[in-house]
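So the structure is just underneath, and the comments pick up after that.
All values below were derived from every heavy atom in this structure, side-chain atoms included, with hydrogens, water molecules and symmetry-related copies excluded.
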Amino acid sequence: MRALRVALLLPLPPMSYLPPLGEEGRAPLGLRVAVPWRGEVRVGVVVGEEEVRPGPGLRHAIAYLDQKPYLREEEIRFAEEAARYLFAPLGQVLADFLPPFPELKHRVRLYPGADPKVLPPGLEGLLDWQEAKGFDPKLLDLLREAGVLEEEVAFKEGKRVLLPLKEDHPDPELSRALRRLREMGHAESLAAWARATGLGVRRLKRLLEEGYVGYGPPPEARGEEGGVEPLFLPERPERLNGGRFSERLRLLKGLLARGSHLVLFPEVSLLLRFLAFFPEARAYHGGLSLGEREALFKDPGGVVFATYGGLFLPFTPDSLVVVEEGSESYKLASGTRAFVPPLAELRARLLGIPLTYLSLVPSVEVLDRPGLTFPVPKPRVMLLDLKREKGYPFTGRALALLKQVEEKGRQAVVLAARKGYSALLLCGDCGYKPTCPNCALSLRYHREGRDRLLCHQCGHQEPPPLLCPECGSPLLEPKGPGLEWLTQELRRHLALPVLRYAKEGKDDLKPLLEGKPGVVVGTTALLRGPSLPELALVLLPYADGFLYDSDFRAAERYHRLLWALTELRPGRRPLILLQTYTPDHPAHEGLLEGSVEAFPWAEKVLREALHYPPKVRMVKLEVSHRQEERALEAAFALKEALKGVAREEEVLGPAPAPVPRVKGVFVYHLLLRGSTERLQEMLARLDRRRFKLDPDPHRFVGLLED
């Protein structure tokens, strides 16, 4: 008997279902299908077929939901290979990368001719077609199993908007309304269009009735600024680095000159920044509506600018380009916890198409690829050694440079390593610092609104003590300046407007975007914000706050941040001013040399000596428990289970996580190193229910927000 292998968008392997009744002869591979699952109706994708023996536990799928395959055989094979690479169930891979499916339209009734007595009390309405939503799913499932329930399942139609179909109308007012609609691009409804034109809904409805406007899917987002001149290369390299932003735009234009292409971006803000220069490109990202994503998924092609979900678009482009492959925004925070660039390489290899990495700074992982590095304008950098300079949180020389910005009517950016007022309160006599009762972290000090100590992980808060609870000293001092402290100090020393820009709150930057002088204090959200036209100074009051982190990629991440700061104002070279305790750090030396590759090569040599990625793969196993002894016991049990299969150098730990307790839970880590095949062998010996797996760890302290 033929059965379908259906992958639900759940952390499960594919499950077996019989084909929908009456659909036994259809080729189902890649179709979406509605199936019964635990008393509900779920949507999955048919990823294969198999021969099975008839049995009472095997159920029929309800209905196919597509006329043609939603995923091709190529995407299904890629999903299976990605699942093996990520050590994850196929359903979880699809859940992470496919867009949300449209809502189901589901009607049910008792099969004509079936005895109405089989209906439980309260379900008499099922003699006629009814919306399934109003009935208990478990009762419906009982009728489904009994074979007396008839069902109609389909996707609800996606969002439709008003679009202009003709140019002019004999009525001048209606003709003006048509011009306004063309300017808007589309209208969400007649009411929205009426508000924009000042005409009544009834008058505009006439245009709809006469065929001057119609309903259709929202138009795709496309670039508006106009194209750039392509820069062609004699051969297509595997990586392109360096150069000005405008040069990288031209290089990308040359790569995309002919044919269809898929370009991946780490985040929407960078995608939109590039899209403005590529009017021919189509956008695909999570900021679009479900209908827009569904429409592009059903008809991909041409040049597509996408975030990570674009890897599953069902088409074969002529090439794949990964922009800023080292960005941590490519890392999925949950689900498979995939890091996207290795999957892009897998996708390109399976499709047999070339892959190019395009970035200002190359990641350590791609340095060995043959490519080109273009010269960069040498940054203007000044390092202030905090072991020698006076003044805190701004040294005297830093304040003097800020005063120059003020005198010349220019603009400055001050980058804060953390939110709040300060990282902690510290007793000057005994060294006591208030800590969170639930997490192994110091409480952050916040002054705005009302004085409070706050844990940024679990939300615990309490008032700051007036005296040290340990020794009674009044010398409780804030340490580690945050956004509030830096803002307060700048307003005390400067007459310039001081604005703030962070994920949690953004001041209106319009005056500065018009060229007026001012200072913006913000977090790394500034890197995704608008460019300030008169930017003259970029200051990191405590640069080491971005450098010290509990993972081996921290220095590379800091190096990438420094170079990103040089492009805050494309076309100009603002002064990069770093207050630091480590002025001789290799990342600083590379910046001073004007070399985007010097630090990554040195970092690669170090990692190879330590037997760290990219020399080998590394995965992280995480166990946790509210009792520390139980967490430690579980971690050592994992190591014990690996005896006989893992060599000593392949296992690191177990050890407490860099933040060993979060929200009352103790966390321990075990690291495994080796090839994908070796890791598969080791993980096969372990009970996957006993730990969380990160297949490509990029931050060992992913919980910390600042």
Side-chain angles (χ1 to χ4, degrees), residues 221 223-229 242-253 265-279 281 283 285 287 305 323-324 327 329 358-361 374 376-381 401-402 404-406 408-416 483 486-487 490 496-503 505-540 546 560-578 591 594 596:
E224 296 176 358
E225 288 189 12
V228 293
E229 285 295 319
R244 295 178 173 87
F245 176 72
S246 58
E247 290 170 329
R248 295 199 299 281
L249 284 174
R250 295 185 62 202
L251 287 166
L252 182 60
K253 186 74 172 182
F265 294 86
E267 52 196 4
V268 176
S269 59
L270 186 62
L271 184 154
L272 296 178
R273 185 181 179 191
F274 272 77
L275 185 67
F277 299 94
F278 290 81
H285 55 79
F305 282 11
V323 176
E324 297 297 339
S327 171
S329 295
L358 175 70
S359 59
L360 172 59
V361 178
F374 290 79
V376 293
K378 192 170 182 180
R380 298 170 57 225
V381 183
L401 287 167
L402 286 165
Q404 287 185 27
V405 170
E406 181 178 44
K408 294 181 179 181
R410 305 290 295 281
Q411 298 166 344
V413 161
V414 177
L415 205 62
L483 197 66
L486 297 175
T487 303
L490 288 169
L496 284 174
V498 179
L499 307 176
R500 299 203 299 182
Y501 197 93
K503 182 180 178 181
K506 300 175 178 65
D507 289 339
D508 184 7
L509 301 185
K510 186 177 179 182
L512 274 66
L513 296 176
E514 293 172 351
K516 296 179 182 178
V519 179
V520 182
V521 187
T523 61
T524 51
L526 278 166
L527 299 174
R528 297 178 289 277
S531 296
L532 302 181
E534 295 297 325
L535 183 62
L537 175 66
V538 179
L539 168 60
L540 275 63
F546 296 97
R560 190 174 297 108
L561 168 67
L562 294 180
W563 279 99
L565 296 177
T566 67
E567 291 200 333
L568 275 180
R569 178 61 179 93
R572 289 193 179 180
R573 292 190 305 152
L575 175 65
I576 310 295
L577 183 61
L578 307 175
L591 194 66
V596 296

Could you check Thr523, Val521, Leu565, Leu539 and say which one makes a side chain to side chain contact (heavy atoms under 4.5 Å, CB included) with Leu415?
Leu565
For side-chain contact (heavy atoms from CB on, under 4.5 Å), just list the numbers for Leu513 and Leu532, CA-CA rounded to whole Å, side-chain angles, deciding distance to a tenth of an Å, and then say yes or no.
CA-CA 6 Å; Leu513 296 176; Leu532 302 181; 4.0 Å; yes
Roughly how far, to the nearest 0.5 Å, is OH of Tyr501 from CG of Asp507?
10.5 Å
Look at the side chain of Arg569 and the backbone N and O of Glu534, then say whether any donor-acceptor pair between them is shorter than 3.5 Å.
no
Can you measure from CG (Leu577) to CZ (Arg380) and round to the nearest 0.5 angstrom?
10.5 Å
Can any side-chain N or O of Arg528 pair as donor or acceptor with the backbone N or O of Val268 at less than 3.5 Å?
no
Taking all heavy atoms of Pro570 and all of Ser531, pick out the closest pair and write down the distance.
CD-OG, 3.7 Å
Check step by step if ring-ring contact (aromatic ring centres under 6.0 Å, His included) holds for Phe274 and Phe265.
CA-CA 9 Å; Phe274 272 77; Phe265 294 86; 5.2 Å; yes
To the nearest 0.5 Å, what is the distance between CD on Gln411 and CG on Leu509?
9.5 Å
Side chain proximity check, His285 to Leu272, heavy atoms < 4.5 angstrom:
yes
Provide the closest heavy-atom pair for Pro497 versus Pro517 in the form atom of the first, atom of the second, distance.
CD-O, 3.7 Å
Identify the heavy atoms of Leu591 and Thr566 that sit nearest to each other, and give their distance.
CD1-CG2, 4.2 Å
Hey, are Arg273 and Glu267 close enough for a salt bridge, meaning a charged N less than 4.0 Å from a carboxylate O?
no
Straight-line distance of Leu499 CG to Leu490 CG, nearest 0.5 Å:
11.0 Å
Does atom CD of Glu514 have more than 12 heavy-atom neighbours from other groups under 6.0 Å away?
yes
Spell out, as yes or no, whether a donor-acceptor pair under 3.5 Å connects the side chain of Arg248 to the backbone of Gly243.
yes
Show the numbers, then the answer: is there a side-chain contact (heavy atoms from CB on, under 4.5 Å) between Leu527 and Leu561?
CA-CA 9 Å; Leu527 299 174; Leu561 168 67; 3.6 Å; yes
Could you check whether any side-chain heavy atom of Phe278 comes within less than 4.5 Å of a side-chain heavy atom of Leu252, counting everything from C-beta outward?
yes
Here the pair of heavy atoms bringing Val376 nearest to Gly242 is CG1-CA, 3.6 Å
Determine the minimum heavy-atom distance between Lys378 and Gly594, stating which atoms define it.
CG-CA, 4.3 Å
Side-chain heavy atoms of Arg244 within contact of Pro377, under 4.5 Å:
yes
Point-to-point distance, once rounded to the nearest 0.5 Å, from CG of Leu496 to CG of Leu512:
9.0 Å
Which pair of non-hydrogen atoms, one from Arg500 and one from Leu483, has the smallest distance, and what is that distance?
CD-CG, 4.3 Å
Give, for atom CD of Glu324 and atom CG of Leu358, the distance between the pair rounded to the nearest 0.5 Å.
7.5 Å
